[in-house]
Amino acid sequence: MKTIKKLFCLLTIMCLVFACAACGSSSDDTLVMGTNAAFPPYEFVDDDGNIVGIDAEIAQAVADKLGKKLEIKDMEFDSLLTAVQSGSIDFALAGMTVDEERKLTVDFSDTYATGVQVIIVPENSAIATVDDLTGKKIGVQAGTTGDIYCTDDYGQDMVKQFNNGALAVAALKNGQVDCVVIDNEPAKNFVKANEGLKILDTEYAVEDYAAAISKENKELQEDFNKALNELKEEGKIQEIIDKYITAE
Ligand code: ARG
């Protein structure tokens, strides 16, 4: 009888453990990263269907340092902050810009890269500088800083939101928008993959990338920063960046 009771107890515990592991966010040995894997070279889906890129590798290196497994969840960019807040992911690493507005809802780790909002136009475009954007139809990825700045500067009517950068660039190619405002490294990738486009020399905004972490999880923020700073000192972050971004 006693053994049966013990067995039953054990089974119940095992069920609970599995249920917990299935419920999404961190079981104790796994860090769950959220991203939007349509943003090369920071995150994209490779030919085998894996999410790879600078952010994926940095997250893996951080997880290794913390002795945890890494799970990556792909989602819309503008769902990431809610996912961090609700705890369905432990952190977002998505070429995400540190931004005062976002700081009201999430905390940020130390920064690991610099991004520049640039302007993509057709090669024969009359748009030559930021000053020429007035009255033009601007394509952006929804919820990004490019979206936020352009909406602020030129008004909602002039800004067309897309689910990802590739869709915005496709709309630029077929004339639905006059330009696309997006981060410089993805911009380079999109221009390379599409003929007849160029990036203007003028920078629209310079910004810092960091991981977004729940305000409720100071411990993770501390651990993440510690691991990140060790990786910086070891030259590992630069090594990862250099693997994906070759100096031209
Ligand atoms: N840096 C911009 C922002 O934070 C764009 C990031 C988009 N990232 C992505 N994985 N799609 O708003």
Side-chain angles (χ1 to χ4, degrees), residues 32-46 50-60 62 70-85 88-120 130 138-154 156 159-172 177 179-191 193 199 203-213 240-241 244-245:
V32 182
M33 157 180 160
T35 197
N36 170 250
F39 200 66
Y42 294 97
E43 43 267 334
F44 55 100
V45 180
D46 73 6
N50 298 316
I51 296 172
V52 295
I54 293 171
D55 290 341
E57 290 208 21
I58 290 178
Q60 186 61 60
V62 167
L70 177 72
E71 182 191 329
I72 303 182
K73 284 190 185 171
D74 194 9
M75 55 184 77
E76 301 296 346
F77 184 77
D78 58 7
S79 305
L80 285 168
L81 292 186
T82 329
V84 169
Q85 277 183 295
S88 68
I89 57 176
D90 292 312
F91 64 94
L93 201 60
M96 189 183 281
T97 303
V98 179
D99 166 83
E100 291 310 315
E101 192 92 358
R102 291 174 180 164
K103 276 191 193 166
L104 299 175
T105 55
V106 295
D107 279 345
F108 282 101
S109 69
D110 293 337
T111 66
Y112 63 94
T114 305
V116 183
Q117 294 299 314
V118 296
I119 303 162
I120 307 177
V130 183
I138 307 167
V140 295
Q141 179 178 13
T144 60
T145 46
D147 181 8
I148 297 164
Y149 304 153
C150 289
T151 305
D152 274 358
D153 290 350
Y154 305 101
Q156 206 161 9
V159 179
K160 198 162 162 45
Q161 298 176 316
F162 297 88
N163 265 339
N164 60 54
L167 290 174
V169 168
L172 176 63
V177 294
C179 63
V180 168
V181 171
I182 195 164
D183 306 50
N184 57 331
E185 290 302 331
K188 282 190 215 161
N189 273 265
F190 293 134
V191 166
I199 299 171
E203 298 175 343
Y204 188 44
V206 180
E207 26 188 53
D208 288 317
Y209 293 166
I213 301 173
I240 293 171
I241 292 175
Y244 288 93
I245 301 176

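In each ligand, atom 1 is the first atom listed, and ligand 1 is the first ligand listed. One-based numbering along the sequence shown.
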Any donor-acceptor pair under 3.5 Å from N163 side chain to E76 backbone: no

By side-chain contact (heavy atoms from CB on, under 4.5 Å) - contacts of A83 (at least two apart): M75, S88, I89

Every residue of the protein that comes under 4.0 Å of ligand 1, judged on heavy atoms: N36, F39, E43, F77, A94, G95, M96, T97, R102, Q141, T144, T145, D183, E207, Y209

T111: side-chain contact (heavy atoms from CB on, under 4.5 Å) partners, not counting sequence neighbours: V98, D208, A210

Plane angle bin for Y244 and F44 - parallel if under 30°, tilted between 30 and 60°, otherwise perpendicular: perpendicular

Pairs involving residues 91-103, ordered by first then second residue, that meet salt bridge (charged side-chain N to carboxylate O under 4.0 Å, His left out) (sequence neighbours left out): E100-K103

Intermediate values then yes/no, side-chain contact (heavy atoms from CB on, under 4.5 Å), I245 and I54: CA-CA 9 Å; I245 301 176; I54 293 171; 3.8 Å; yes

